[in-house]
Amino acid sequence: MKNLSEGRVRFMRARIALLAVVLFAGAFAIVKRAWDLQVRQAPELREMAEQQYHKGIQLSPKRGTIYDRNGAELAVSVEVDSLYVDPKLFREAGQKPLQVAARLSALLGIPRKAIADKLAAERNFAWIKRRLSPSESKAVRALNIPGIVLRSEARRYYPNRELASHVLGFADVDGRGLEGLELQLDERLRGSSALVPAVRDRRGKVVFSDLSDDTASQGDDVTLSLDKTIQHFAERELELTVRTFEAKSGSAVALDPRTGEILAMANYPTFNPNQPGSAPVANRRNRSITDRFEPGSTIKAFTVAGALTKNPTLIDASYDCEQGLMRRPGFTIRDTHPWGELTPTEILVHSSNIGAAKIGMEMGGPALYRTLRDFGFGAPTGVGLPGEVGGALRDPKLWYEADLTNIAFGQGLSVSALQLASSMGALANQGRLLRPTLVKRIETARGEAIPQPLAAGRQVVPPQVAKALTHMLTAVIGQGGTGTEAAIDGVPVAGKTGTAQKPDHVRGGYAEAQWLASFVGFAPADDPRLVLAVVIDDPVIDYYGGVVAAPAFRRIMQASLRHMDVLPSAPLLAVEPRIVATPETARAPTRSAAAGDVATAALAAAANRGGAEAATGRFKVPDLLGQTTRAALIAAREAGLDVDLRGSGVVVAQRPTAGELAQVGMTIEATLAPPKVDAALGAALPAQQAAAPASRVKGGAATVPIGARERGDG
Amino acid sequence: MRRGVLLLWLIAVAAAAASFIVHLTLRFENVRMGYAVSKLRHERDGLLEDKRLLALEAATLSHPERIEAVARALDMELPEPARIIMMLGGSAPTELARSTQ
């Protein structure tokens, strides 16, 4: 600057000063602005920023999965798309409602007008269709219409369809449990909504989130004690039995006597929980726990157990069964056969009503009542399913004179199928009654186990009494017993048949031709692993527990024990001839054969059949006349033919007729009609008809006063 | 003296600039990681959902009734119980079978 003129220097200084002032002013403005933003307006601006960036992530609850005891999925929720419209946004985008409605209508199968109304609605949100199929979702996504939005929602699926549907129940479209365990465990399964703070960018993409644990909103997973395979066996055989004997309905309950865990709970008719509305409401009822019935002779086992607990020496006592007719003032009790002196074991083996009544009389009302209550009758089991009934067992103070005897052989009280299985479980578990359980484990989405209450239990009868009863009930399955059809080759089985007339709720008393056939037992008798109760309501073709329910028991038990690896494999089995039936049980094998109970053997034989007929591709048409649905199906299959069954009952006509040659795969047209009971019974067993009481035969003239009616056993 | 002050200034400016760049880099990396985590989480959710769907499909396909129907369509029949041989060790035994053993 020394060389510069003074004017020039002054000018430069002025410029520097001006620049400094400008810079200072600028710096001041920046600092002031910073002060305003960072200090003075900080709270409002922070709030604005948070509103812009901090948009939370809405975690919708995901319903927990229900598994069987082996981890097989029984109920699963998966994400599917639901479609909604934001009418305001839709209009702002200038879309034409009628045009869009037509396109969506074609894709979704919803009336065009219904969609158009929603598109034109004066609101911000309207569902168009929920739970779209993947193809629908893809098609709508491809349209890419502003204001038409796809949103993920959970949908409940039951991959096994009808399997265990009564136990599982179902959930509605909003994921709320409505029936069964879905309802009972709704709080645990449902989970909860949660809003997790997150920072999103201008496009709405999540940049940061506090989502350290996105399992918080998920429902708990539930593992049941059910075994999918055993459940399938039970349902398959139950359906077959109900349809074969043209019964109204049926139930089967299988449980592990050592733990009280229910392994299967089957009912027929059934329903598909994926479409619960498509079945009648009655089909959705879990009959195993909601329906109560008079158990009939199955109760005799518990009567005898109570008597032996009171007086163990009774095991060698004998009771005069009065040649099948016991008259007392005001009531009469009959047996199906004229028995004389019978021991308690023989009373169970022959299912003598008079013998059981006399044991009951010897025990006395209060003791019998206490015994049955101890076994769990008259109160719900507490299994934890909605709608369970406790059955009816009146206080002995309210009993009429005949009630003591009737209750001793299974009339005048009502039970559920689950109660029956649970009570028999006590005899199989050394006299200790366990509360039946369905839920084995509940786990949160994080894997933490929710402690489950231990199965409560109480000693009902001493172990030695339970052991004695096991021997007695094994004899029921043995030669001369009523339960020979429940026998399994290679495994000792203990059980009791039951055949009970159903009460007539309209006229009072008991219905003439309505029965309830049951069988309850366990196996192996020497180391019980499975207790099974089978109850068939109102069978038409036959009605004895030993004929209707016992074969189903055997098939379910046999398949289940093999599944549980309790039965030895085929090469290890010493195949013994089946027990030869005595006159008492002669109908059982005959009936079962007619009903196709030996289906597996017959079908296996059919598979191996070849020969000249097969070589020519022509087979003789079998004679189906007089055969039941199942037997006709098997006979046709054996001959390599299909059959078209029309009607129900037994085959009364067929085309082509028996003996004609037919090509493989040809269809036989068979017409079925309800059988005439007299004729059917007479044809099958002429000898038995004479022995059968008049009240069993349709049109029979026997009318016995209520309380004096004889209930024959199977 | 003046050069020393200038040098110090330069160092200070360079340090400030460097720390600013480091801050920006970290900030940028943070955002990038945020996006990556978000993307991975989304991917994981999708895979979990796929797993769920596959499990559902497997459960549907392994439904015993369906297997029986398929077997019948192939002219197969239920074997006689005495002809069934348990293949222990061939497949995972069930929980009940394990408890037996």
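Throughout, protein chains are lettered first and strands after them, A, B, ... in sequence-line order, and every chain is numbered starting at 1. Values below: every heavy atom of this structure, side chains too, minus hydrogens, waters and symmetry copies.
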_Quick check for you: to the nearest 0.5 Å, what is the distance between Leu48(B) atom CG and Lys62(A) atom NZ?_
7.5 Å
*At what distance, to the nearest 0.5 angstrom, does CD of Glu57(B) lie from CD of Glu73(A)?*
12.0 Å
_Please classify the contact between Val37(B) and chain A as side chain, backbone, both or neither, with a heavy-atom cut-off of under 4.5 Å._
neither
*asked:* Can you tell me which of Pro64(B), Ala58(B), Ala36(B), Ala55(B) forms the most heavy-atom pairs within a distance under 4.5 Å of chain A?
replied: Pro64(B)
*Name the member of Met33(B), His63(B), Glu65(B) that forms the most heavy-atom pairs with chain A at distances under 4.5 Å.*
His63(B)
_Arg161(A) atom CZ, neighbour heavy-atom count above 12 within 6.0 Å_ = no
_Glu49(B) (side chain) donor-acceptor with Glu79(A) (main chain) under 3.5 angstrom_ = yes
*Apply the test side chain to side chain contact (heavy atoms under 4.5 Å, CB included) to residues His232(A) and Glu68(B): give CA-CA distance (whole Å), side-chain angles for both, the deciding distance (0.1 Å), then the verdict.*
CA-CA 11 Å; His232(A) 170 64; Glu68(B) 276 189 19; 2.9 Å; yes
*Could you give me the CA-CA distance, side-chain angles and deciding distance for Ser62(B) and Lys228(A), then say whether side chain to side chain contact (heavy atoms under 4.5 Å, CB included) is met?*
CA-CA 11 Å; Ser62(B) 66; Lys228(A) 180 177 164 178; 3.4 Å; yes
*Between Asn160(A) and Ala59(B), which heavy-atom pair has the shortest distance, and what is it?*
OD1-O, 3.7 Å
_Checking Val76(A) against Arg52(B) for the side chain to side chain contact (heavy atoms under 4.5 Å, CB included) test, could you report, in this order, the C-alpha distance in whole Å, the side-chain angles of both residues, the deciding distance, and whether it holds?_
CA-CA 8 Å; Val76(A) 188; Arg52(B) 230 176 235 269; 4.2 Å; yes
